[in-house]
Amino acid sequence: MDYPDIIIDAIDRRKVLELRYKDVARRVRPHILGYVGTGELALSGWQISGTGAGWRLFHVDDISELAETDLRFHGTARGYNRNDPAFSRIIGRI
């Protein structure tokens with residue numbers, strides 16, 4: 001399964017992702033996968049561990065070691081915008 005498929009599955013099933021981004025291990029609650037204004041595929045998610053907690057935008061090409069965990073989450077993180085203007089086209093979202 002490639003990264004976009006893993007991310008979409010995790011969004012649909014509300015599963016926390018483990019990934020490495022810019023050489024830092026992180027855990028993320030995925031919320032949106034889509035294309036940002038630059039045409040790059042990106043993941044918007046609530047980071048729960050890594051470099052602190054909060055909203056992050058991850059360019060999929062810069063992600064390595066992506067895996068779905070057994071951890072589930074319910075609902076959306078505070079401040080979630082399902083129509084995030086950073087995205088020019090959304091593929092999947094909560």
Undergrad: About how many Å separate CG of D9 and CG of L33, when rounded to the nearest 0.5 Å?
TA: 12.0 Å
Undergrad: Is there a path of hydrophobic side-chain contacts, each under 4.5 Å between heavy atoms of I, L, V, M, F, W or Y residues, that connects V36 with I91?
TA: yes
Undergrad: Determine whether V60 and L66 make a side-chain contact, defined as any pair of heavy atoms from C-beta on separated by less than 4.5 Å.
TA: no
Undergrad: Any chance you could measure D62, atom CG, to L41, atom CG, to the nearest 0.5 Å?
TA: 11.5 Å
Undergrad: Could you give the distance from CG (L71) to CG (L17), rounded to the nearest 0.5 Å?
TA: 10.5 Å
Undergrad: Testing R26, R27, R29 one by one against E18 for a salt bridge (charged side-chain N to carboxylate O under 4.0 Å, His left out), which residue passes?
TA: R27
Undergrad: Roughly how far, to the nearest 0.5 Å, is the CZ atom of R14 from the CD1 atom of I94?
TA: 4.5 Å
Undergrad: Would you say the side chain of L57 lies within less than 4.5 Å of the side chain of F87, judging by non-hydrogen atoms?
TA: yes
Undergrad: Please collect all salt bridge (Lys or Arg N to Asp or Glu O under 4.0 Å) contacts where either partner lies in residues 65-89, sequence neighbours excluded, each pair once.
TA: R13-E68, R20-E65
Undergrad: Looking at S44 and I32, would you say the former's side chain and the latter's main chain have a donor-acceptor pair under 3.5 Å?
TA: no
Undergrad: Could you list the residues that satisfy salt bridge (Lys or Arg N to Asp or Glu O under 4.0 Å) with R93, not counting sequence neighbours?
TA: none
Undergrad: Search all heavy atoms of A10 against all heavy atoms of P30 and return the closest pair with its distance.
TA: CB-CG, 3.9 Å
Undergrad: Determine yes or no for a side-chain-to-main-chain donor-acceptor pair under 3.5 angstrom, with Y3 supplying the side chain and D61 the backbone.
TA: no
Undergrad: Quick check: do W46 and W55 have side-chain heavy atoms less than 4.5 Å from each other?
TA: yes
Undergrad: In chain order, what residues pass the ring pair (Phe, Tyr, Trp, His ring centres under 6.0 Å) check against F73, with sequence neighbours excluded?
TA: H31
Undergrad: According to a 4.5 Å side-chain heavy-atom criterion applied to Ile, Leu, Val, Met, Phe, Trp and Tyr, with indirect links allowed, do I7 and V24 form part of one hydrophobic cluster?
TA: no
